[in-house]
Amino acid sequence: MDIKRQQEFPHNPALAEALQTQLAHQIEITQGPDQARLIGAADVAYHKHQNIAYAAVILYDMQSHTVLEEASWIGEPEYPYTSGLFSLREAPLLLRAFAQFKRTPEALLIDGHGIAHPRRFGLASHLGWSLDIPTVGVSKTPFFGDHAPVGDQRGDQAPITDQGQIIGLSLCTQPHTKPVYVSPAHRFDMQSAYTFVLRCCTRYRQPEPLRKAHDLSIRLRATTPL
DNA sequence: GCGACAG
DNA sequence: ATCTTGTCGC
C-alpha cells in the first residue's frame, strides 16, 4: 500500500511540537466505517540493551478472525523516547512496515493515542494521517486529559476531557477488567471509535488485531539474529 | 522547585 | 518499552 503523506520532523522538540500543532488541523474527526473487515494493527517491541526497534504490522480479517498479512521493519529509531513526541520515534518505522502490505486496510488500530494528546496529534493520528486511513488509538494507560473512573462491565465508558472538550474515552472491554483508553485518531469520531474497538475486543482486554501485532513484534525480537 | 510523563 | 513468577480473584 502507498503512503499518502510523508513528513520530516525537526529534531528540535519545540519546533517538532509546533509542526504537530499545524498537522493536527488536517486530522478529520468524522464517522468511521461500521463494518470494516480488513483491520490493520501496529505495535513495536524493543531490544533489551541495544537501540533496536522491531516494528510489526498485521492485517486482520474480522470475518474469519485470521491474520491475512504480516509485515515488519527492524531498525534504529531516529528519535529518543519523549512523551508527547512519541510518534516521531515509532511512526517512521511503522510506515516502512505498512508500505509492504499488498492490500489496503479499511481501518487501523494503533497501540497509542490519537487526539487524546496535548496537540491532538498522537502516534495513532500521525499514522492515520500519513496513510489517510480511518484510525483509532488504543492505549493501556492514560496519557493526556482528565478521566473519571469507569464501570467494570463490558461496554462501560467514561469520557476523557481537556478543557471541557471530549478527546477520548475510558472503555471497559471485558467484565472485571481495567479499561483501555480509546481516542479517535483520523476519520473516526467518538461514537464510531467506541463501536469499532468494542467489536474488535472479542476475548481479551486488548483488541484482537493489536494482540496479534504485539505477538509479531515479540516474535521478531526472538527470532532476529543481531 | 517537584513530580508526572503513550511506548 | 524492558526487567520478572506465582498467585489471588472474577
Side-chain angles (χ1 to χ4, degrees), chain A residues 9 13-14 16-17 20 23-24 27 41-57 72-98 108-129 135-147 150-156 160-162 167-186 193 197 201 203-207 210-211 213-222 224 226:
Chain A
F9 272 78
E17 290 179 1
Q20 287 184 323
L23 296 180
I27 294 300
D43 193 22
V44 181
Y46 290 88
H47 190 280
K48 192 199 310 184
H49 295 303
Q50 301 192 51
N51 189 29
I52 300 177
Y54 303 81
V57 298
S72 62
W73 188 267
I74 300 171
E76 207 174 306
E78 297 296 315
Y79 295 80
Y81 168 69
T82 306
S83 177
L85 293 174
F86 184 54
S87 74
L88 276 63
R89 180 172 172 79
E90 293 195 345
L93 301 162
L94 288 169
L95 286 173
R96 302 198 76 153
F98 273 125
L108 300 179
L109 279 169
I110 305 299
D111 191 348
H113 291 94
I115 63 169
H117 176 279
R119 292 164 295 280
R120 309 293 189 266
F121 203 74
L123 172 64
S125 290
H126 187 149
L127 290 171
W129 172 80
T135 303
V136 173
V138 179
S139 172
K140 294 176 288 302
T141 58
F143 166 50
F144 181 77
D146 305 308
H147 51 92
V150 62
D152 70 345
Q153 292 306 303
R154 175 179 166 88
D156 284 352
I160 297 172
T161 61
D162 176 40
I167 56 176
L169 51 90
S170 309
L171 171 62
C172 175
T173 59
Q174 294 298 334
H176 314 298
T177 301
K178 287 191 303 182
V180 295
Y181 302 87
V182 176
S183 56
H186 184 55
V197 172
C201 295
R203 177 147 195 237
Y204 300 95
R205 176 164 87 122
Q206 293 281 116
L210 276 183
R211 298 184 74 252
H214 183 260
D215 179 68
L216 175 58
S217 72
I218 299 301
R219 222 161 61 229
L220 286 168
R221 184 175 61 188
T224 304
L226 290 180

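Being a predicted model, the structure only gives us computed values, none of them experimental. First the proteins, then the strands, lettered A, B, ... as listed; each starts at 1.
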Inset, instruction - May I ask you to check whether A:Tyr181 and A:His113 place their ring centers less than 6.0 Å from one another? - result: no

Inset, instruction - Select from A:His47 and A:His176 the residue whose nearest nucleotide in DNA chain C is closer to the 5' end of that strand. - result: A:His47

Inset, instruction - Just call it for A:Ala45: base, sugar-phosphate, or nothing, with non-hydrogen atoms closer than 4.0 Å on any strand. - result: sugar-phosphate

Legend entry - Atom pair distance, as rounded to whole Å: OH in A:Tyr46 and P in C:dC3: 14 Å

Inset, instruction - Output yes when at least one side-chain N/O atom of A:Ser139 is less than 4.0 Å from OP1 or OP2 of B:dG7, else no. - result: yes

Legend entry - Distance in angstrom units between A:Leu88 CG and B:dG7 P, rounded: 17 Å

Legend entry - Whole angstrom value for the distance that separates C1' of B:dG7 from CD1 of A:Ile218: 12 Å

Inset, instruction - Considering just the side-chain nitrogens and oxygens of A:Ser83, establish if one lies under 4.0 Å of OP1 or OP2 belonging to B:dG7. - result: no

Inset, instruction - Please examine the side chains of A:Thr177 and A:Asp152, heavy atoms only from C-beta on, and report whether any two atoms are closer than 4.5 Å. - result: no

Legend entry - Distance, rounded to the nearest Å, where A:Tyr204 contributes OH and C:dC10 contributes P: 20 Å

Legend entry - Considering all heavy atoms, the nearest A:Leu109-A:Val197 contact: CD2-CG2, 4.3 Å

Legend entry - Protein-nucleotide distance (A:Asn51, atom CG; C:dT2, atom P), rounded to Å: 13 Å

Inset, instruction - Report yes if a side-chain nitrogen or oxygen of A:Tyr81 is closer than 4.0 Å to either non-bridging phosphate oxygen (OP1 or OP2) of B:dA6; otherwise report no. - result: yes

Legend entry - Stacking check A:Phe86 vs B:dA6 (5.5 Å / 30 deg): no

Inset, instruction - Could you tell me the separation between the CZ atom of A:Arg120 and the C1' atom of B:dA6, rounded to a whole number of Å? - result: 15 Å

Legend entry - Side-chain donor or acceptor of A:His147 paired with backbone N/O of A:Ser170 under 3.5 Å: no

Inset, instruction - Remember a base hit wins even if backbone is also touched, and classify A:Pro142 as base, sugar-phosphate or nothing at under 4.0 Å, heavy atoms. - result: sugar-phosphate

Legend entry - Over-ring placement of A:Arg221 relative to A:Tyr46, 6.0 Å and 45° cut-offs: no

Inset, instruction - Output yes when A:Arg211 and A:Asp111 qualify as a salt bridge under the 4.0 Å nitrogen-oxygen rule, no when they do not. - result: no

Inset, instruction - Look at all strands and tell whether A:Gly84 reaches a base, only sugar-phosphate, or nothing, counting heavy atoms closer than 4.0 Å. - result: base

Legend entry - Distance (rounded to the nearest 0.5 Å) between A:Gln20 CD and A:Ile27 CD1: 10.5 Å

Legend entry - For atom NE2 of A:His113 and atom P of B:dG7, their distance in whole Å: 7 Å

Legend entry - Helical stems, DNA chain C - three or more consecutive Watson-Crick or G-U wobble pairs below 3.5 Å: none

Inset, instruction - Quickly work out the A:Arg89 CZ to B:dA6 P distance and round it to whole Å. - result: 13 Å

Legend entry - Closest nucleotide among B:dA6, C:dC10, C:dT2 to the A:Lys48 side chain: C:dT2

